[in-house]
Undergrad: 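After the structure tokens below, expect a handful of questions from me.
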Amino acid sequence: MGKVVMYSSVSVDGFIADEHDQPGPLFDWLSSGDVPLDESGEVKVSQTSYDYTRPYWDQIGATLVGRHVFDMTDGWDGKPPSGIDHVVVVTHRPEPEGWDPETPFHFVDGVEAAVAKAQELAGDRIVEVAAGDVGGQVLAAGLIDEVRMDVVPVVFGRPRRRRVDRRPPHRRRRCPRS
């Protein structure tokens, strides 16, 4: 079974989205070069970025994302990004109405079940977990083998806050008077 790797591009101040929940310039490097990074030809990077990224991408057998990312990307139009074989979507909702069941997208309820499904699909290749809410849940469940963050020279300043775990914030407890 392959490793489970939580991955994201992050800003210098450690965020994966701006205050409007958009990646903003975090992914500009994916369109600023002249070397195609995948077969679509839409993703073009510098040769240095290609040499760094392509070997990692070639090891990925399945990507695990939350329903929020799936919805934000419109499900990548039914085609997994970057040549990935399978996408496992963690969701409590059914697949979108009219979704083609023949696409390599798998809708699973709960992070433990989603990781198990992704590992089954990936075999001995990497299961990549998108950072963010679902990534935090998988990390909190102790299912991450490795964390990989690529730091992009961007400062968001006032990003949308995302919690790594789902516990409520610490509250002071009043001591009963004796």
Undergrad: Cluster question for you: counting only ILVMFWY and a side-chain heavy-atom cut-off of under 4.5 Å, with indirect links fine, are Met1 and Val108 together?
TA: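 Not linked; separate clusters.
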Undergrad: So for atom CD, which belongs to Glu39, do other residues, nucleotides or ligands contribute more than 12 heavy atoms lying within a distance under 6.0 Å?
TA: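 For Glu39, atom CD is crowded (more than 12 foreign heavy atoms under 6.0 Å).
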Undergrad: Determine, step by step, whether Met72 and Gln22 satisfy the side-chain contact (heavy atoms from CB on, under 4.5 Å) criterion, reporting the C-alpha distance in whole Å, the side-chain angles of both residues, the deciding distance to 0.1 Å, and the verdict.
TA: CA-CA 9 Å; Met72 284 180 61; Gln22 297 298 311; 3.8 Å; yes
Undergrad: How many angstroms lie between CD1 in Ile16 and CG in Asp133, if you round to the nearest 0.5 Å?
TA: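 So the CD1 of Ile16 and the CG of Asp133 are separated by 9.0 Å.
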Undergrad: Give a yes or no on whether the backbone of Val89 and the side-chain of Arg67 come within a donor-acceptor separation of less than 3.5 Å.
TA: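 Answer holds: no.
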Undergrad: Kindly write out the residues that satisfy ring pair (Phe, Tyr, Trp, His ring centres under 6.0 Å) with Tyr50, not counting sequence neighbours, or none if the list is empty.
TA: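 Testing Tyr50 for ring pair (Phe, Tyr, Trp, His ring centres under 6.0 Å), a comparison that skips the adjacent residues, returns none.
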Undergrad: I need the minimum non-hydrogen distance between Gln59 and Arg125, along with the two atoms involved.
TA: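 Shortest heavy-atom separation between Gln59 and Arg125 comes out as O-CB, 3.1 Å.
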Undergrad: Would you say Pro94 and Trp99 make side-chain contact, with heavy atoms under 4.5 Å?
TA: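 Not touching, per the 4.5 Å side-chain cut-off.
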Undergrad: Does the pair Asp34 and Lys44 meet the rule for a side-chain contact (heavy atoms from CB on, under 4.5 Å), with working shown?
TA: CA-CA 5 Å; Asp34 55 358; Lys44 292 185 178 181; 5.6 Å; no
Undergrad: Just by distance, do the side chain of Ser8 and the backbone of Val10 share a donor-acceptor pair under 3.5 Å?
TA: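 Not confirmed, Ser8 side chain does not pair with Val10 backbone.
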Undergrad: Tell me, with the steps shown, if Val147 and Met6 meet side-chain contact (heavy atoms from CB on, under 4.5 Å).
TA: CA-CA 5 Å; Val147 175; Met6 184 168 68; 4.2 Å; yes
Undergrad: Side chains of Val87 and Pro81, heavy atoms from C-beta outward: is any pair under 4.5 Å?
TA: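 Val87 vs Pro81: side chains touch.
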Undergrad: Are the side chain of Asp13 and the backbone N or O of Phe156 linked by a donor-acceptor pair below 3.5 Å?
TA: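 The answer is yes, because a donor-acceptor pair under 3.5 Å joins these two groups.
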Undergrad: Quick one: does any side-chain atom of Asp145 pair with a main-chain N or O of Val4 as donor and acceptor, under 3.5 Å?
TA: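 Yes; judged by distance alone, with no hydrogens or angles, the pair exists.
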Undergrad: Please verify the inter-ring angle class for Phe70 with Trp76; under 30° counts as parallel, over 60° as perpendicular, anything in between as tilted.
TA: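 If you compare the ring of Phe70 with that of Trp76, the planes turn out perpendicular.
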Undergrad: Any chance CG of Asp100 has more than 12 other-residue heavy atoms, nucleotides or ligands included, within less than 6.0 Å?
TA: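 Enclosed: over 12 neighbouring heavy atoms sit under 6.0 Å from CG of Asp100.
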Undergrad: Calculate, to the nearest 0.5 Å, the distance between atoms NZ and CD belonging to Lys3 and Glu146 respectively.
TA: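 Result: 3.5 Å between the selected atoms.
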